[in-house]
Amino acid sequence: MDLDALLSAARKKREPLLRSSDTTARRLFHGPADGLDGLVVEQFGDVLIAQTFAGHRLLPEEQLRRAIDRFRHEVGARAVYRKLFVSDRSAVPADVAAMHTNPRPWLGEPVEPEITVREYGLGYAIHPYDGFSVGLFLEHRENRRWVRSAAAGRRVLNAFSYTGGFSVAAAAGGAVSVSSVDLSKRYLEWSKRNFEINGIPTAGQRFFRSDVLDFCARARRQGRRYDMVILDPPTFGRLRRPARTFVLDERLADLLRGAVGLLDPGGILLLATNARSIPLDLLGRDLGAASGARECTILDPPILPPDFAGDPDYSKTIIARIT
Ligand SMILES: C[S@@+](CC[C@H](N)C(=O)[O-])C[C@H]1O[C@@H](n2cnc3c(N)ncnc32)[C@H](O)[C@@H]1O
């Protein structure tokens, strides 16, 4: 297999994205959609992140390294950080975790612990060696843009908010309030940093360190209501105190009921998932069931970003109005 040719073809397909000056983060190689299962390459400014799948023998290591290094020069990147995808993030082997936090890159020169990228003009902090995930899920580029365009005057709840990508987009779009809910204190702090990068005062924002289901139950009891809820849960996770696993297939119905219960009439739900086990039509049916007697109108979702084209099972989004 000629990886150089696959990488070049993938880059050519993305020329219009590469020319954009207000968006400096994009996926340059999208696994099977670009001809090689088990390899993902993303660009964050002048840094590349190369993900390979643990246990997946793609190519002889030296061949992979040489091809990615040539590609790095082709796109003018200073460094490539390597990440090994392990599906259970709570059971990452120590050597893999050490690799994910090593400031020395796989290829090129070490870079700063934080770099800033732009997406449709908004800034986001990226940490190239702070773990497997670097701070921004690029498949949501168009979803974030949609949220920004629809947020004016709305009270927005961002559940599973991670580093606050959707929260910043909502605030930039004129949301009257944005509540971000995540279990991780570190990610909530990172969200505040993203607000700061964009010059948005965090005083008007709310940050809740909580399990989303617990948050929904509490918020409902307290009478809090929203005009837009963003629900982008992980597919699988392990929670501490009390120790339990989170399997999306098992929790989706509860999450949807929890989210719908917090929406005032006419409110919008944006539901997104990468779970391959949950097809789009099932998401729609589950949302209809969770809406009960309330009318649930499915709206046209934004297009999948062109750098994610060719793998429709990967990233799915439903946007609905609940009356
Ligand atoms: C898939 S990411 C969400 C990505 C985010 N929507 C975005 O686009 O930036 C999963 C996030 O959910 C958080 N998380 C996992 N389980 C959770 C739970 N039960 N309650 C709240 N947050 C949780 C993790 O800490 C992580 O930040």
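Counting starts at 1 for both ligands and their atoms, following the listed order. This one's a predicted model, so the numbers in the text were calculated from it and none came from an experiment. Residue numbers count from 1 along this sequence.
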key: Side-chain donor or acceptor of Ser191 paired with backbone N/O of Tyr162 under 3.5 Å   = yes
request  = With the side chain counted from C-beta on, respond yes when Tyr120 and Thr23 share a heavy-atom pair under 4.5 Å apart, and no when they do not.
outcome  = yes
query = Between Glu189 and Arg186, is there a side-chain N and carboxylate O pair less than 4.0 Å apart?
reply = no
ask   = Thinking salt bridges, do Arg66 and Glu61 make one under a 4.0 Å N-O criterion?
value = no
Return a table of N or O atom pairs, ligand 1 on one side and protein on the other, at distances under 3.5 Å, rounded to 0.1 Å.
| from | atom 1 | to | atom 2 | distance (Å) |
| --- | --- | --- | --- | --- |
| ligand 1 | 6 (N) | Phe160 | O | 3.1 |
| ligand 1 | 6 (N) | Asp232 | OD2 | 2.7 |
| ligand 1 | 8 (O) | Asp232 | OD2 | 3.3 |
| ligand 1 | 19 (N) | Asp211 | OD1 | 2.8 |
| ligand 1 | 20 (N) | Val212 | N | 3.0 |
| ligand 1 | 22 (N) | Leu183 | N | 3.2 |
| ligand 1 | 25 (O) | Asp182 | OD1 | 2.6 |
| ligand 1 | 27 (O) | Asp182 | OD1 | 3.3 |
| ligand 1 | 27 (O) | Asp182 | OD2 | 2.6 |

note = Residues Asp182 and Ser161: closest non-hydrogen pair is OD2-N, 3.4 Å
Atom pairs and distances, donor-acceptor, side-chain atoms in residues 263-280, under 3.5 Å, two or more places apart:
| from | atom 1 | to | atom 2 | distance (Å) |
| --- | --- | --- | --- | --- |
| Asp264 | OD2 | Arg155 | NH2 | 2.9 |
| Thr273 | OG1 | Ala275 | N | 2.9 |
| Asn274 | ND2 | Glu139 | OE2 | 2.8 |
| Arg276 | NH1 | Asp311 | OD1 | 3.1 |
| Arg276 | NH2 | Asp311 | OD2 | 2.8 |
| Ser277 | OG | Asp249 | OD1 | 3.4 |
| Ser277 | OG | Asp249 | OD2 | 3.0 |

